[in-house]
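First the structure, in the form of structure tokens, and then the observations on it.
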Amino acid sequence: MDEQIQAISQPIFAIAGREFNLNSTQQVSDVLFKELDLPHERLRKTKSGHFSTASDVLENLIEQDETGIAQKMLEYREMQKLKSTYVDSLPTMIHPLTGRLHTSLSQTGAATGRLSSSNPNLQNIPIRNEAGRQIRRGFVARPGWQFVAADYSQVELRILAHVSGDTGLVEAFRLDQDIHKATAAAVFSIPLEKVTFEQRRFAKAVNFGLIYGMGAFRLARDSEMTLGEAERFIEAYFKQFPGIQGYLEGTKRQAAEKGYVETLLGRRRYFEILHNPKSSANHNEKERARREAINHPIQGTAADIIKLAMVEIHKALQEGGYAAKMLLQIHDELIFEAPEAEVEAVRELVVRLMSNAYTLAVPLKVEASVGKSWYALKE
DNA sequence: CTCAATAGCGCG
DNA sequence: AAAGCGCGCTATTGAG
């Protein structure tokens, strides 16, 4: 990746006889969409009226783009992001006395009760693409120590199963089924072993979309379905998981009647927009508030639970006389650093306390891994 | 120079 | 435009 990153030091590109700065989305938009022979009537516009050059737009253009500029820009952007945000920036933030990076965690940064991380943000270190993932090679445990990482598996869907009481979802988690596969089998009315990769991928998108209050429009856009087909699919989904439909409706009703919704542990988020019938908010704002209300009890409960686990684990490490330290929380995941001799005990302790942090109608599954670097975590 | 808004994108 | 939630950081742009 070093070579790839070095290769982007020059952000000036020439195309259609003009030079422009690839960092300037406005320049790119003007040149790429107006001077090139691309159909630009149907393209998305930004707030300021320029054509959007967001990655999803460029990806859709690759096919028809004979110049190859769309592909080039995506590659350039990926490397530029990694270079500016991580490779160039993180080393400058190493503390001179400790030789380490120290983030600041805010307990009030997120409306749902999540923590947020800043200066630097260590909750968004790349992992999804291999080039970015290489950044994690830079995070290494001190000599003779190892990282122990433990994350909740599907914690938000498990919380949805609990708060909705949906029997199908609860059963699937109790049987420790592959939840997206089980969803696909249910909505397509086929046996588990007949579920294709595509069907599972689709069910996964729908499961996540629900947590965020997704509608038929988005579903249709992200799939090959028409709007009508997407509406029928969602209908079929709710028929299969009526508890989920009940949760969505109940949450909306509570937000309207009481003006707030809350997590299992009582953390509230207020929605004046939905409570006040004379609210001046427009339709879009109300729809957004509706989705926020749907999401809060789920995301917020997950945040409550991992915080309980963090308190318990801190206590247990202290009382057990461990040298191991809790380093970082990434929403559904905790990272520790432990001396070699403590690794197995810490791993066992962390998995146990995270799993038992709060009792739901379904098990809280925790997966752990160990390694000398953040890149090399295994198991 | 600082400040705010915007576009874009990294993560869960 | 906006049409799935929650964040923080970088670069550009335009303003004072």
Side-chain angles (χ1 to χ4, degrees), chain A residues 11 20-29 43-58 73-74 76-90 93 103-106 108-129 131-133 135-136 151-157 160 204-222 227 230 234 248 251 261 269 282-300 302-303 306 328-334 374:
Chain A
F20 59 96
N21 181 348
L22 265 188
N23 284 330
S24 164
T25 58
Q26 295 185 10
Q27 286 184 32
V28 169
S29 162
L43 288 175
R44 196 161 86 212
K45 297 276 187 64
T46 66
K47 211 170 201 170
S48 59
H50 291 92
F51 294 112
S52 169
T53 65
S55 58
D56 62 310
V57 174
L58 294 180
M73 284 179 54
L74 287 168
Y76 169 81
R77 289 245 186 93
E78 183 182 3
M79 293 301 133
Q80 169 63 22
K81 178 81 175 181
L82 297 177
K83 181 176 191 294
S84 63
T85 308
Y86 306 102
V87 178
D88 289 346
S89 167
L90 291 180
M93 308 186 76
T103 188
S104 298
L105 294 172
S106 169
T108 53
T112 54
R114 274 188 174 184
L115 302 183
S116 74
S117 163
S118 62
N119 299 306
N121 180 355
L122 294 184
Q123 290 178 324
N124 72 344
I125 302 302
I127 190 169
R128 295 176 189 171
N129 299 112
R133 198 171 190 155
I135 303 288
R136 296 189 171 219
D151 67 286
Y152 284 112
S153 168
Q154 313 288 6
V155 63
E156 293 195 352
L157 278 174
L160 176 62
K204 182 178 177 178
V206 175
N207 280 336
F208 273 102
L210 276 169
I211 296 175
Y212 305 146
M214 181 174 63
F217 183 95
R218 173 77 182 247
L219 183 60
R221 198 192 68 186
D222 289 2
L227 192 58
I234 289 176
L248 297 177
T251 304
V261 298
R269 182 168 176 182
N282 64 34
H283 182 253
N284 285 341
E285 290 165 336
K286 286 179 184 167
E287 283 298 300
R288 167 171 285 275
R290 179 188 65 79
R291 296 191 299 272
E292 290 167 348
I294 286 168
N295 181 253
H296 172 80
I298 301 170
Q299 185 180 122
I306 196 168
L328 191 60
Q329 184 250 49
I330 313 177
H331 310 308
D332 64 353
E333 177 180 14
L334 296 174
W374 206 357

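Here is the naming used below: chain letters follow the sequence lines, and residue numbers restart at 1 for every chain. It should be emphasised that the depicted structure is a prediction, and the values quoted were computed from it without experimental measurement.
Atom CZ in A/R136 sits roughly 13 Å away from atom P in B/dG10 (whole-Å rounding). Whole-Å rounding puts the A/E78 CD to C/dT10 C1' distance at 16 Å. We find that CZ of A/F217 is positioned 12 Å from P of C/dA1, with the value rounded to whole Å. Atom CZ in A/R269 sits about 10 Å away from atom P in C/dC5, given to the nearest Å. Rounded to a whole Å, the CD atom of A/E285 is 12 Å from the P atom of C/dA2. If you measure from atom CG of A/L115 to atom P of C/dG6, you get 16 Å, rounded to the nearest angstrom.
In this structure, A/Y86 reaches the sugar-phosphate backbone alone: every heavy-atom distance under 4.0 Å involves primed, P, OP1 or OP2 atoms, never a base. In this structure, A/I127 reaches the sugar-phosphate backbone alone: every heavy-atom distance under 4.0 Å involves primed, P, OP1 or OP2 atoms, never a base. Among the heavy atoms of the strands lying under 4.0 Å from A/I330 are primed sugar atoms or P, OP1, OP2 only; no base atom is included. Note on A/G215: only backbone sugar-phosphate atoms sit closer than 4.0 angstrom, heavy atoms only; bases stay farther off. At the heavy-atom level, A/D151 lies nowhere under 4.0 Å from the strands shown. Within 4.0 Å of A/A302, counting heavy atoms only, lies no atom of the nucleic acid at all.
Applying the 3.5 Å distance criterion, the base of B/dG10 shares a donor-acceptor pair with the side chain of A/N124.
Between the C1' atoms of B/dA5 and C/dA3, the separation comes to 23 Å (whole Å).
Side-chain N/O atoms of A/Q80 include one lying less than 4.0 angstrom from OP1 or OP2 on C/dA11.
Residues from residues 290-300 of chain A with heavy atoms under 4.0 angstrom of DNA chain C, sorted by number: A/R291, A/E292, A/N295, A/Q299.
Rounding to the nearest 0.5 Å places CD of A/E285 at 9.5 Å from CZ of A/R288.
Checked against C/dG8, C/dA11, B/dC11, the side chain of A/S84 finds its nearest nucleotide in C/dA11.
Between A/Q154 and A/N207 the shortest side-chain heavy-atom distance does not fall below 4.5 Å.
Consecutive pairing runs in DNA chain C reach the stem threshold at B:1-12 with C:5-16, where a stem means at least three Watson-Crick or G-U wobble pairs with distances under 3.5 Å.
Under the 3.5 Å distance criterion, the side-chain polar atoms of A/T103 are matched with a main-chain donor or acceptor of A/P120.
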Each nucleotide of nucleotides 2-8 of chain B classed B (base within 4.0 Å of a protein heavy atom), S (only sugar-phosphate) or -, in 5' to 3' order, makes -----SB

